[in-house]
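These notes are about the structure you will find just below.
Numbering of ligands and ligand atoms starts at 1, following listing order. Throughout, numbering of the chain's residues begins at 1 and tracks the sequence.
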Amino acid sequence: MTAIDTLPQAPATPQSGLDFDAVLRTYEAVSRVLPETPAWSYPLLNAKAGVKVTVKHENVQPTGAFKVRGGVALMAALSPEERRRGVVTASTGNHAQSLAWAGARSEVPVTVVVPVGAPARKVAAVRALGARVVVEGETMCESLAHAEALSLAEGIRMVSPGDEPAIVLGHATVYLELFRRHPGLEAVYAPVGSGSGAAGACLVRDALAPGCRVIGVQSSAAPAAHRAWRSGEPATIHSRTRVAGLAVGASFTLTQSVLGRSLNDFILVDDDAIQDAVGLMATHAHTLAEGAGAASLAGLMADPTRQGPCAIVCTGGNADDHELAGISAGAGVGTDATLSC
Ligand SMILES: *Cc1c(COP(=O)(O)O)cnc(C)c1O
């Protein structure tokens, strides 16, 4: 399903500071801490897609996901007073690990509020990185509200999962590395939850590769950003997706202000197509991806107009038990003949 509507016009937002110069400044901070990630193409994947595909590997980041760039950028942008007091957010996933990792590295105290039923393994990962974990709320919305309350009560800075310029700029550095190494791309597919990664892709593309199309990919079971992009109005749609990194129930003003004027196309794929792409990453690209990390590949495979050379971003490798089990089910693991003698 490809949206080919004319682009809705959003007002330019110079006050948000989201421009290419800011991406370059952010990269100075990010590249001091995180080495450039590899980007490869794989013959079997090219053959399957029918076009040359470059896979940018954010699954090799220290937290297993690209969001650590946003965390590092955010810590670098804090005032001395904010650094001393610390930051608070609500998340069970890669955003939480990102802030915990970056906070530990720059000695900023990090508090993460998680809902009561959050997966134990994810909570353990955040704690192991040194963050204070507060278990509060039945849903992520309630946890976010509690994080806001903690922010007020303790005088610590609230970090929004979507409306943070520093995080968008941090995520943009994925695409700075990609476009610098791979000039001549026809299209880049970026997964969308809050839209911070895709917005970062647009900022860099506009400056370095104006002829390249940036195409967002979202789960059809959590399509808030897609609806907001099409309508030009904020959207709230309850998320029903299994794909943790894409389970976002509302659009964000900041990211939509960029996507509205710059995103070329926006594809919705269902959760089964995303799971198939997790399998393809395993069998055709030597890569363990989580669902959100394979969503850009799902979008590429669903795009009838795909043209090479193009790029996808494996944004994360933190597959949950369901995604791991799905790989062996979908890829026919166990059917290979044994050739040992
Ligand atoms: C958060 C996340 C996304 C979605 O990124 P947004 O910036 O929220 O749009 C995609 N992939 C992974 C692995 C993520 O953790």
Side-chain angles (χ1 to χ4, degrees), residues 18 37 55-71 73-74 89-101 119 122 125-126 140 159-175 188-204 214-219 221-226 228-229 239 241-259 263 266-269 271 274 277-278 281 287-299 312-320 323:
L18 290 182
T37 55
V55 184
K56 174 75 168 162
H57 283 286
E58 291 296 305
N59 53 300
V60 301
Q61 293 285 10
T63 57
F66 81 115
K67 283 206 176 73
V68 72
R69 295 175 186 260
L74 183 97
T89 195
S91 163
T92 59
N94 292 330
H95 176 61
Q97 289 196 47
S98 154
L99 289 184
W101 190 92
K122 295 200 167 182
V126 175
M140 187 51 75
V159 180
S160 159
D163 276 338
E164 292 283 352
I167 288 182
V168 174
L169 293 169
H171 293 173
T173 64
V174 173
Y175 300 90
V188 171
Y189 296 79
V192 177
S194 69
S196 62
C202 290
L203 294 178
V204 179
V214 176
I215 300 169
V217 183
Q218 191 162 47
S219 166
H226 180 268
W229 179 78
S239 161
T241 181
R242 303 191 294 269
V243 181
L246 304 183
V248 177
S251 62
F252 288 87
T253 311
L254 179 69
T255 55
Q256 288 292 330
S257 73
V258 177
L259 299 179
L263 190 71
F266 205 150
I267 297 174
L268 291 178
V269 288
D271 283 6
I274 292 175
V278 170
M281 287 293 251
T287 298
L288 174 60
E290 63 185 278
S296 57
L297 176 58
I312 60 176
V313 182
C314 180
T315 46
N318 296 321
D320 62 23
E323 288 162 345

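Of all atoms in ligand 1, numbered sequentially from 1 with element shown, those under 4.0 Å from a heavy atom of Gly245 are 1 (C), 2 (C), 3 (C), 4 (C). For ligand 1, the atoms sitting less than 4.0 Å from at least one non-hydrogen atom of Gly316 are 13 (C), numbered in the order shown with element in parentheses. Taking a cut-off of under 4.0 Å to the non-hydrogen atoms of Gly195, the atoms of ligand 1 that pass are 6 (P), 8 (O), 9 (O). For ligand 1 and Glu290, the ligand atoms under 4.0 Å from any heavy atom of the residue are 13 (C). Listed by number with element, the atoms of ligand 1 under 4.0 Å from a non-hydrogen atom of Val192 are 9 (O). Within ligand 1, the atoms closer than 4.0 Å to a non-hydrogen atom of Ala292 are 10 (C), 11 (N), 12 (C), 13 (C), numbered from 1 in the order shown.
Taking the six-membered ring where tryptophan is involved, the planes of Phe266 and His226 are perpendicular, since the angle between them exceeds 60° and thus also 30°.
Within the structure, salt bridge (charged side-chain N to carboxylate O under 4.0 Å, His left out) contacts touching residues 161-171 (residues at least two apart or in different chains) are Arg157-Glu164.
Tested against Asn94, the residues Glu58, Gln61, Lys122, Glu290 include a single side chain to side chain contact (heavy atoms under 4.5 Å, CB included) partner, Glu290.
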Could you go through residues 197-204 and list every donor-acceptor pair under 3.5 Å that involves a side-chain atom there, pairing it with any protein atom two or more places apart or in another chain?
none

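Between Trp229 and Val192, every side-chain heavy-atom pair lies at or beyond the 4.5 Å cut-off. Within the 4.5 Å cutoff, side-chain heavy atoms of Ile167 are placed close to those of His171. Side-chain contact between Leu254 and Leu18 is present, with at least one heavy-atom pair separated by less than 4.5 Å.
Heavy atoms of Asn94 found under 4.0 angstrom from ligand 1 belong exclusively to the side chain.
The shortest N or O to N or O distance between Phe66 and ligand 1 is not below 3.5 Å. For ligand 1, the polar-atom distance check against Gly193 finds a nitrogen or oxygen pair separated by under 3.5 Å.
Atom 7 (O) of ligand 1 has Ser196 OG, 2.4 Å as its closest protein atom, hydrogens excluded (heavy atom only). The nearest heavy-atom contact from the protein to atom 11 (N) of ligand 1 is Thr315 OG1, 2.7 Å. Shortest contact from atom 14 (C) of ligand 1 to any protein heavy atom: Lys67 NZ, 2.8 Å.
Contact between Ala295 and Leu246 at its shortest, heavy atoms only, is CB-CD1, 3.9 Å.
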